[in-house]
Number of protein chains: 2
Amino acid sequence: MTKAKHETLIDRCRESGLRITGQRRVILEVLDAASDHPDVEELHRRVGEIEPGVNIATVYRTMNKLAEHDLIERHMFDDGRLRYEPAPEEHHDHFIDVETGEVIEFMSDEIERLQEEIARQHGFEIVSHKLELYVKRRKTD
Amino acid sequence: MTKAKHETLIDRCRESGLRITGQRRVILEVLDAASDHPDVEELHRRVGEIEPGVNIATVYRTMNKLAEHDLIERHMFDDGRLRYEPAPEEHHDHFIDVETGEVIEFMSDEIERLQEEIARQHGFEIVSHKLELYVKRRKTD
DNA sequence: ATTCTTGCAAACTTTTTGCACCGAT
DNA sequence: ATCGGTGCAAAAAGTTTGCAAGAAT
């Protein structure tokens, strides 16, 4: 489930003209390494493990900058906190395991197609969408 | 787009053993009348138009009570605020018009079915789900 | 009479901001 | 040298809570 990274976040920041400071380097590193969808507090914690002293305001500001430049995606699941992931090369949706809190990515062309169709039927075109399936593991073992 | 209300929120509160105070009566009235998905601040404003002096903490507490008893549904769209609607008799999903902020309800059996299928393929069963299509009107005029 | 609800203010949590300083370009 | 980024502390914004008083049952 490790996705092939064609380009690192640092590269994409450079391309966007964002300055690469020491703090940012660490934040971007943490983001690139994250396979989950951490919130700011968790990011700050992980950053602090690598390099202590980075202020949480810096993490907030960096996340906002990155989101402005579409380098990361923001999610707000039912816990009400903003969570982040590096902008995926391909769109996907999320399972959220209600028992463990784990977030699993998935993708279905068929659902994507159906969504387009339904939007069209209502006279809309889709700008973006969000599908979250809150699930639990089937006890069939 | 006015949905047929079989039972009013006040009735459902009584059934759940919640006390009907003056403040609650107004809040429930506002909720029943709302065809949109207001947040607490907006609810408080509307309540204040009918009967001034209701504290916003009361609105918060009432919303939490109602949610506990499954009499309303909480939503958090991309604006990051908690929004509410009376618990719908039938499940539905939402279009959010990104240009106007308008929220439109829709429902597709086919999508529901597909979701179940995909969850099953991943070894999950669905507890609940959320599908939000951020859309804009098609300029075909 | 009892128990639930309310108002108010204070506290809490999450996020943003003003400002002086520092560092990347 | 410039302009953007950072730390810090304060402020905002959204939500919750303790407590004493009041109202529904």
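We name chains A, B, ... by the order of the sequence lines, and we start the count at 1 in each one.
Both B:A57 and A:G53 sit near DNA chain D, but only A:G53 has its closest nucleotide nearer the 5' end.
For B:H44 and D:dT16, the NE2 to P distance is 15 Å, given to the nearest whole Å. One can place CD1 of B:I10 at 16 Å from C1' of D:dT25, the figure rounded to the nearest angstrom. Atom CZ in A:R61 sits about 11 Å away from atom C1' in D:dG4, given to the nearest Å. The nearest whole Å value for the distance from the CD1 atom in B:I56 to the P atom in D:dA12 is 17 Å. Rounded to whole angstrom, the span from the OH atom of A:Y60 across to the P atom of D:dA11 amounts to 19 Å.
Along DNA chain C, the stretch of nucleotides lying under 4.0 Å from any heavy atom of chain B spans, 5' to 3', C:dT3 to C:dC8.
A donor-acceptor contact closer than 3.5 angstrom links the side chains of B:H91 and B:E112.
One finds a side-chain N or O of A:N55 lying less than 4.0 angstrom from the OP1 or OP2 phosphate oxygen of D:dC8.
The shortest distance between side-chain heavy atoms of B:V135 and A:H122 does not fall below 4.5 Å. Side-chain atoms of A:Q115 and B:L131, non-hydrogen and from C-beta on, do get closer than 4.5 Å to each other. A:V30 has its side chain within reach of A:I50: a pair of non-hydrogen atoms, C-beta onward, lies under 4.5 Å apart.
At a non-hydrogen distance threshold of 4.0 Å, A:R19, A:T21, A:Q23, A:R24 from residues 19-28 of chain A come into contact with DNA chain D.
Atom NZ of B:K130 is surrounded by more than 12 heavy atoms from other residues, nucleotides or ligands within 6.0 Å.
A distance of 8.5 Å separates OG1 in A:T21 from CG in A:L28, rounded to the nearest 0.5 Å.
A donor and an acceptor atom never sit less than 3.5 Å apart when one is taken from the side chain of B:R83 and the other from the base of D:dG14.
Taking the six-membered ring where tryptophan is involved, the planes of B:H94 and B:H92 are perpendicular, since the angle between them exceeds 60° and thus also 30°.
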(message) I'd like to know whether B:R45 forms a salt bridge (Lys or Arg N to Asp or Glu O under 4.0 Å) with B:E42, so could you lay out the CA-CA distance, the side-chain angles of the two residues, the decisive distance to 0.1 Å, and finally the verdict.
(response) CA-CA 5 Å; B:R45 207 191 52 67; B:E42 175 63 15; 2.9 Å; yes
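Between A:K136 and A:E99, the closest heavy-atom pair is CD-OE2, 3.6 Å.
Closest to the A:T58 side chain, of the nucleotides D:dT15, D:dG5, D:dT6, is D:dT6.
Note on B:N64: only backbone sugar-phosphate atoms sit closer than 4.0 angstrom, heavy atoms only; bases stay farther off. Contacts of A:L82 with the nucleic acid, taken as non-hydrogen atoms under 4.0 Å apart, involve only primed sugar atoms and P, OP1 or OP2.
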